[in-house]
Engineer: 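I'd like to ask some things about the structure below.
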Amino acid sequence: MASRYQTAFKLYPYEKVAAQDNKHVVRHPVVIVGGGPIGMTLALDLCQRGTPVLVLDDHDGVGLGSRAICFARRTLEIADRLGFGDVLRGKGVRWDVGKVFYGADKVFEFNLSPEAGYKAPAFINLQQPFFEKFAVEQIRKEQAAGAPIEIRGCNEVVSVEDKGDFVRLRVDTPDGPYELEADWLIACDGARSPVREMLGLSFEGRVFEDNFLIADVKMKADFPPERWFWFEPSFEGAGQSALLHKQPDDIWRIDFQLGWDIDRKVELEPAKIRARVDAMLGPNAQYELEWTSIYTFQCRRMEKFCHGPVLFAGDSAHQVSPFGARGANSGVQDADNLAWKLDLVVKGLAPQSLLDSYGEEREHGADENILNSTRATDFLTPKSDMSKIFRNAVLNLAGKYGFARTMVNSGRLSVPCVYDGLSLNADDEFGGPHISRVGASCPDAPHGEGYLLDLLKGDFTLLAINAEAPTSLEVDGIAANIIMIDRPHDALAARYLGDQKSAIYLIRPDQHICARWPAYDAAKVIAALNHACGRH
Amino acid sequence: MRELNLEPNIADPDGFYDELIAAHSTLSKQESDAFNARLVLILANHIGDRAVLAAALEAAK
């Protein structure tokens, strides 16, 4: 087995298991291929629900290099539900403010958290290996408490055979190959997805002709923890744009947009990188190069994420430009969306067709991300002279006029996906606030000593605000948690009642809103819950 | 007289910007310049108010 990369943390060293004796082929309900942030988030969610899950990863730990660094509020809320939100926030660098420069001048700044009353900040910056490490540590805690999960390191899937209602896998290990079967195979194996390749599935999209140099540098600096973005930076060698962003442990992410015709080898020479960084930070800056990389990117997705017993999640299913932090954050939303549905299907509580809604909802999410990241990229790299004239006109006016600021696009930063108008939604029967409309993920709000989302722990939930509701609810084997709130905090009332007096919300296990009404109606609630589970 | 509005006033600025750039995508530089001139005249006529137009000419300087 060839190692594709060095590992930052060795978290699941190879161990031979009995199944490798090749005497009998073991069938697993769920096998996840790829132990990255998406695979591990999904595995954690499933095992907490009691659905047995096996994770196969072709390495023995987390790859070196910071890669994804910006984790959005929605990701932190999902991690909170799964038990590792605190540790992410504890290690990560919180940021809310972004500044945009054009040449040497600051054009404007924006604040991503203008409103208080959310437990999670708009964003934290954290190197991807830490995200993966903390997810695995949480999995180990669940495992110690008896959750049905196993991670097999240095287990490389080398063939996948779709048998219609299950898949057969051939897995290579340091002790040779073995076979296993899975009722459901979830491919979380990244943008170059070997599973996708082995099944011969296409991955069409648009390639952007540009190269970006990442230099993560270690230095003591007193820049604030803000996202600083330059269009046409004034410092030498920075190219068309540059970015400076703080990570934990005195690491700073610097990005330079180099253009298309470059010699990667030359550009990656440390002396050349240092010359660029010196020009940006000043000749006296003291720093070490921690990690460097040149990347190009594509915006593309699989036509369908669901292929019989094989489902795709994260970069294996969709890829976007990094501007907007929509890669890992959208993949975590894939995991959040898939886990409860797969759990209900495996337990026989919902029909397999429920998984079609995973495809529908997350393909919609991918389209939204691709649209936003394509637009950002077109703004960063104008494709014609006229496009550049308009771009620079916008930047020029943005220093003076508010309207032009709304057109400056250095990346539309990841916000939670709303499943507007999609199949699982039910009634939206009162004129409640737009932010909590059916299909949206529940906005957080202060409640009691803590926050509302602390109470939404992964079951269906009936939220009654100033309204009568039963003390328990179970619909054909699926129980809903009941939350009654009589004196909502102002922010909670603003986000869930608006100018209404009372509300009943039915909320899915992934905290998205199924339906809402002004008052409790048992028949409607039961119908909406069944509808959200694909049971008709 | 109405004042020139320089605050955000387009519901979907990214979508508008995209459409504007796309309108130029198949044009030569000369054609684009002519397109822009026509566009300015059409928008100016829609605004109509002479004082607003004068303020816009000033703001664009």
Engineer: Below 30° counts as parallel, above 60° as perpendicular, anything between as tilted: where do the rings of His512(A) and Tyr419(A) land?
Structural biologist: parallel

Engineer: Is the shortest side-chain heavy-atom distance between Glu303(A) and Glu204(A) below 4.5 Å?
Structural biologist: no

Engineer: Is Leu20(B) in contact with chain A via its backbone, its side chain, both, or neither, using a 4.5 Å heavy-atom distance?
Structural biologist: side chain

Engineer: Which distance, rounded to the nearest 0.5 Å, do you find between the CD of Glu109(A) and the CZ of Phe101(A)?
Structural biologist: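 Reported to 0.5 Å precision, the distance equals 9.0 Å.
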
Engineer: Is it true that a side-chain atom of Gln319(A) and a backbone atom of Phe297(A) form a donor plus acceptor pair closer than 3.5 Å?
Structural biologist: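 Checked: no pair found.
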
Engineer: Check for me whether Arg516(A) meets the cation-pi criterion with Tyr496(A), that is, NZ or CZ under 6.0 Å from the six-membered ring centre and within 45 degrees of the ring axis.
Structural biologist: no

Engineer: Are the aromatic ring centres of Phe323(A) and Phe212(A) under 6.0 angstrom apart?
Structural biologist: yes

Engineer: Considering only heavy-atom distances, could you tabulate the donor-acceptor pairs under 3.5 Å between chain A and chain B?
Structural biologist:
unit_1    : atom_1 : unit_2   : atom_2 : d
Arg375(A) : NE     : Asp18(B) : OD2    : 3.0
Arg391(A) : N      : Tyr17(B) : OH     : 3.2
Tyr401(A) : OH     : Ala59(B) : O      : 3.2
Gly402(A) : N      : Leu6(B)  : O      : 3.3
Phe403(A) : N      : Leu6(B)  : O      : 2.9
Arg412(A) : NE     : Asp14(B) : OD1    : 3.2
Arg412(A) : NE     : Asp14(B) : OD2    : 2.5
Arg412(A) : NH2    : Asp14(B) : OD1    : 2.7

Engineer: Between Leu6(B), Leu27(B), Ile10(B), which residue shows the highest count of heavy-atom pairs closer than 4.5 Å to chain A?
Structural biologist: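 Of Leu6(B), Leu27(B), Ile10(B), Leu6(B) has the most heavy-atom pairs under 4.5 Å with chain A.
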
Engineer: Kindly say whether Val97(A) contributes a backbone atom to a donor-acceptor pair with the side chain of Asn111(A) at under 3.5 angstrom?
Structural biologist: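 Here the side-chain-to-backbone pair does not exist.
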
